[in-house]
Amino acid sequence: MKINRRLRGQEEMVGFILIVIIVAVIMVIFLGISLNKPKTETGKKSEEIRSFLNAMSIYTTDCAINYDPNYANVKDLVQYCSRNEDCLNGENSCDVLEEDLTKITEISWQTGQNNIKGYQMSINSTNILIFNGNKTSQYIGDYISLPAGIIEFKVYY
Amino acid sequence: MGIKRGKNNRAQLKTKKMGNIKNQGFLRPRKSNDFLSFLAFNCQNIRGQLKIQQMIFMLLAITLFFSLVGLFFLTYSLGDIKQGFIDIQKENAQKIVSILSNSAEFSCSSKRQNCIDMDKALIMKDREEYIKFWQVDSIEIRKLYPFEGKEIECSIGNYPNCNILKVFQKRDNGADLIAQQDNYVSLCRKEVKNGEIYEKCDFGLLIVGFEENEN
Amino acid sequence: MIKNKKGIQLSFAWIFALIAGAVILFLAIFIAARFLDIGEYKTDTETAKRIDILLNPLQTSFEEGKVTKINLPKETEIYNDCSTSGNFGKQYISLSQESFNKFPRPGEKIGFENKYIFSSNIEQGKIFYIFSKNFEYPFKVSSVIYLTGKNYCFKDMPSRIKNEILGLKSGGSAENFYLENCPLDSIKVCFNINEDCDVIIEDKCKNDCENEFDKGIVRKDRDVMEYSTKTLMYGAIFSDEEIYECQTKRLMKRIENLAEVYYDESQFLSSRDCNTGMEPELLQLQSLSQSFDGNFILLNEIVQEINEKNIGVCKLWE
């Protein structure tokens, strides 16, 4: 009996510590669950992508149509590419367009930097599809409407 | 004044357990040589002190526990507020960059967005009257494509065979800038070929430098 | 000596439960108070954010013709101050929100050199309407912002202006513009008619304008404000004479600087075989805008000449 009475305080201390530990463990588990919520696919428009598409559409290519130096910009070249026309120097307008768009997107959206996992650009009125990196469930995208088609661009994070 | 050890007296003030001076001589054990009795007697006497120690330990543990919880909560909420503040600053900075690229001093046309007249931008270089006008620390224009292979700063002498135009920089040492925001732009200029004048547009970046708390 | 040794012995579980319970109660009350919108700080932050809307997104050239409506939780006074000192002058905005039926001294003024807001010196209300237009004279100078909390009734407008007002109303936010069934407290704006109107606009075009009312005079009580372009016409309608004159002078300072930039660009392009032929006119524009005194006659002439010369591949602006 004496031993029991002596140990009662210690029993209470142990009980108290157990309660604290259980509560702490529950909180950590809850925190872990809330921080590791699976991210659902999101598609947000971005001002940055909008600026990129606007600026890119005015870029002057090396493809001259009709006469030199009547060089076409990307906007015009989409139109020529949809009609499969050739440049004055003999190159196919779609090849020139694809090459320029590939290089511009490569310079602007470097995979591996700024959490960029990949990107994709497509023009609906042509067969042009530019893809680099990996597709993920999270992306930011936008499109630009041109007289001869729509250029859609997505960046995957 | 004896101390009655009954149920009513079980819970006594924790600060006092000295009891009857006659019957309890904490520092002065009975003259009896019974060691066990002596121990039993002292154990009862020090029960209060044990209780005090237990209470102190328990209060310390509670304080520590709730301070950890509070610290954790504060860290989370402050981090959220700070991120929110940074997001607002970034959004404002993005708006200023967009306004700049469409302003009369840089824009090539009111009908085209994100288009900079490079001829005009070269003229705007280091104009002192504009240093405070934009409420920014620096404005720089970089040509991204086509790229010459190395970085060449623009001047009247080498234009347009260059790719970095530093329109102005408030600070003497550019490395002191705390925040930068950029925007993709097309860089258009008048070009002459075969006696004909045409507009040539490259692809570039407008970079604006801010002080941390200006926006 | 303690005579009465009765007391309460609490076990540690009880103590922990009491303390934890107190903390949880406190947290619950704290969170409830936050969500009940009691704090003044939240109101001020929302107001400041709404004024930020006023100051930023209307400055791009593609926001023209869009009306933004700002709803504030309390009756507010917006102070519009303007200064013409310095290279570009300065625009100041400050606010004061009603508290116990009084308006305390307005908060700190926020100053901008690159914004132009036409409004009364003090605009009061809970609802404000803001829209912007580009000011081109002859090149694009800047977007200007119009801020008003009052109702306006437009009468007998020319069709072009009517379409413009209808365009502003089509967005749904321009609830303060009336073409018919005008409220009694609305400000009556009349074009060339001298009825019982609060604001009278007189057309001064004599076959030298692209459209009627492109230049003229706005009369408000005893104030007479001369304008050129519809952008300044709206500015004169929605602002006090003092603010209108100050903002117009600031715009002229901007024109002066831009004319200098275009002059230098014109010379630079001439050296690269792209001649504009506008240098003398740009110099004259620079000089006239520097000495602007409210009279647009000479300026209108030089602007017209410049517009006629800005053609071809070497045009300096579009």
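Sequence lines set the chain letters: A, B, ... in the order given, protein chains first and strands last, and positions in each chain run from 1. Because the structure is a prediction, the values reported are computed rather than measured.
Here the side chains of C:Phe268 and B:Lys120 are not in contact, with every heavy-atom distance at 4.5 Å or above. Contact check for C:Leu269 versus B:Asp119: side-chain heavy atoms found under the 4.5 Å cut-off. By the 4.5 Å heavy-atom criterion applied to side chains, C:Ser142 and B:Glu105 are not counted as neighbours. In this structure, the side chains of C:Glu136 and B:Ser110 come closer than 4.5 Å at one or more pairs of heavy atoms. Side-chain contact between B:Tyr130 and C:Asn257: present, with at least one pair of heavy atoms (C-beta onward) separated by less than 4.5 Å. For the pair B:Phe133 and C:Asn87, the minimum side-chain heavy-atom distance is 4.5 Å or more.
Of the atoms belonging to C:Lys253, not a single heavy atom falls under 4.5 Å from chain B. For C:Val261, the parts sitting under 4.5 Å from any heavy atom of chain B are the backbone and the side chain alike. Interface remark: C:Phe139 contributes no atoms to any contact with chain B (heavy atom separation under 4.5 Å).
Taking CD of B:Glu129 as the reference point, atom CD of C:Glu113 lies at 11.0 Å (rounded to 0.5 Å).
Taking both residues in full, the closest heavy atoms of C:Leu316 and B:Asp117 are given as O-OD2, 4.3 Å, listed atom of the first, atom of the second, then distance. The shortest non-hydrogen separation linking C:Val313 to B:Ile197 is CG1-O, 3.2 Å.
Residues satisfying the side chain to side chain donor-acceptor pair (under 3.5 Å) test with C:Gln247, not counting sequence neighbours, are C:Gln91, C:Arg250.
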